[in-house]
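Note that these values count all heavy atoms, side chains included, but never hydrogens, waters or copies made by symmetry. Remember, predicted model here, so these are calculated numbers, not experimental data.
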Amino acid sequence: MQKLKYFYLTIGLVLADQIIKLLVHSNMVIGARGEIRVFGNWFKLHYILNEGMAFGLNFGSDYGKLSLTLFRLVASIFIGILLSKMVDKGYHKGLLWSIAAIFAGALGNVIDSTFYGVLLDNAPYDAITPWFHGQVIDMFYLDLWEGYVADWIPLWGGRRVSLLPIFNLADVAIFMGVLVILVFQRPFFAKKAI
């Protein structure tokens, strides 16, 4: 019973993430034409499909997306098992809540990558199969800066880029979980008094 509360957070975040993604998919136009300003010019809903990972990076081969999806799937299983074992060993509750959030974020993006290519028909046209080739739906856009990057900068040089990537609730769950662990690592990993 003690484990369930952490997994309830995971399930709740995954459901919220999937509901938001499906609402965006059903009600918004992809790209700048469908953009909705929420708070001025700096926070917008901007529907995009991300076939890779953070910042739109991908492996670039025919089997790159398949490898990424399988890695995400294995990592999600590992995180779930780790969370269960950490609960059994009595780790700090803050750490357990953070791991539960990271688990939710990982599962949310695994669902997109695994199933959306078939269920939403959003796999790239050249994918070897729609299974495990679904594109992740992103929609939250903090438009703090956008501009041209000098040619000499690796990866992004010579292109127009945004300071921050467009992201989704799963990404927020992962980011916040990792951030909380980093900020509170001392109490989270303090040795118990004997």
Side-chain angles (χ1 to χ4, degrees), residues 3-39 43-59 64-84 87 96-125 127 129-143 164-181:
K3 287 181 191 179
L4 288 180
K5 62 184 176 183
Y6 302 107
F7 288 100
Y8 286 151
L9 173 66
T10 297
I11 292 166
L13 286 172
V14 169
L15 287 175
D17 175 63
Q18 291 302 306
I19 289 168
I20 292 168
K21 287 172 178 174
L22 293 174
L23 284 171
V24 165
H25 174 75
S26 300
N27 296 297
M28 289 185 69
V29 175
I30 292 178
R33 284 189 349 208
E35 191 171 87
I36 299 170
R37 292 182 180 166
V38 179
F39 295 112
F43 180 58
K44 306 169 185 176
L45 292 178
H46 184 106
Y47 176 20
I48 64 163
L49 295 174
N50 183 350
E51 68 179 87
M53 49 191 156
F55 299 99
L57 298 174
N58 56 39
F59 291 123
K65 178 62 177 186
L66 178 62
S67 301
L68 176 61
T69 301
L70 292 175
F71 171 77
R72 284 177 170 161
L73 187 59
V74 170
S76 296
I77 292 167
F78 173 77
I79 294 168
I81 292 168
L82 178 68
L83 177 59
S84 180
V87 171
L96 298 174
W97 288 116
S98 298
I99 300 283
I102 294 168
F103 185 34
L107 284 176
N109 286 333
V110 162
I111 290 169
D112 294 23
S113 295
T114 304
F115 301 110
Y116 279 11
V118 173
L119 299 177
L120 301 182
D121 193 28
N122 79 358
Y125 72 93
T129 174
W131 290 102
F132 301 101
H133 284 84
Q135 298 183 76
V136 174
I137 294 175
D138 291 328
M139 75 291 298
F140 300 125
Y141 182 26
L142 293 174
D143 189 5
L164 298 173
I166 299 171
F167 54 95
N168 57 46
L169 183 62
D171 300 330
V172 172
I174 293 169
F175 177 80
M176 293 306 295
V178 170
L179 181 65
V180 169
I181 289 171

Original post:
With a 4.5 Å limit on heavy-atom distance, are the side chains of Phe103 and Leu9 in contact?
Top reply: no
Original post:
Is the shortest heavy-atom distance from the side chain of Ile30 to the side chain of Leu49 under 4.5 Å?
Top reply: yes
Original post:
Going by heavy atoms in the side chains, are Phe132 and Phe115 under 4.5 Å from each other?
Top reply: no
Original post:
Listed by chain and number, what are the side chain to side chain contact (heavy atoms under 4.5 Å, CB included) partners of Asp143, not counting sequence neighbours?
Top reply: Lys44, Tyr141, Glu146
Original post:
Which pairs pass salt bridge (Lys or Arg N to Asp or Glu O under 4.0 Å) with one or both residues in residues 10-26, sequence neighbours excluded?
Top reply: Asp17-Lys21, Lys21-Asp112
Original post:
Can you check side chain to side chain contact (heavy atoms under 4.5 Å, CB included) on Ile181 and Ile102, steps first, answer last?
Top reply: CA-CA 10 Å; Ile181 289 171; Ile102 294 168; 3.9 Å; yes
Subject >> Non-hydrogen side-chain atoms of Thr129 and Val118 separated by less than 4.5 Å >> reply: no
Subject >> Audit row: Asp138, Val24, side chain to side chain contact (heavy atoms under 4.5 Å, CB included) steps and yes/no >> reply: CA-CA 9 Å; Asp138 291 328; Val24 165; over 6 Å; no
**OP:** For residues Asn109 and Arg72, report the shortest heavy-atom separation together with the two atoms involved.
**Re:** O-NH1, 4.2 Å
Original post:
With Phe175, which residues qualify under side chain to side chain contact (heavy atoms under 4.5 Å, CB included), at least two apart?
Top reply: Leu179
**OP:** Could you tell me which residues satisfy ring-ring contact (aromatic ring centres under 6.0 Å, His included) with Tyr47, sequence neighbours excluded, listed by chain and number?
**Re:** none
Subject >> Any residue meeting side chain to side chain contact (heavy atoms under 4.5 Å, CB included) with Ile36, in chain and number order, not counting sequence neighbours >> reply: Met28, Leu45
Subject >> Set of ring-ring contact (aromatic ring centres under 6.0 Å, His included) partners for Trp97, sequence neighbours left out >> reply: Tyr6
Original post:
Heavy-atom distance under 4.5 Å between the side chains of Val87 and Phe7, does that happen here?
Top reply: no
**OP:** Decide if atom CZ of Phe43 counts as having more than 12 heavy atoms of other residues, nucleotides or ligands within a radius under 6.0 Å.
**Re:** yes
Subject >> Counterpart residues, ring-ring contact (aromatic ring centres under 6.0 Å, His included), relative to Tyr116 (two or more places apart) >> reply: none
Original post:
Is there any salt bridge (Lys or Arg N to Asp or Glu O under 4.0 Å) pair reaching into residues 164-173, and which pairs are they, with sequence neighbours excluded?
Top reply: none
**OP:** Identify, with sequence neighbours excluded, every residue that meets side chain to side chain contact (heavy atoms under 4.5 Å, CB included) alongside Leu23.
**Re:** Ile19, Asn27
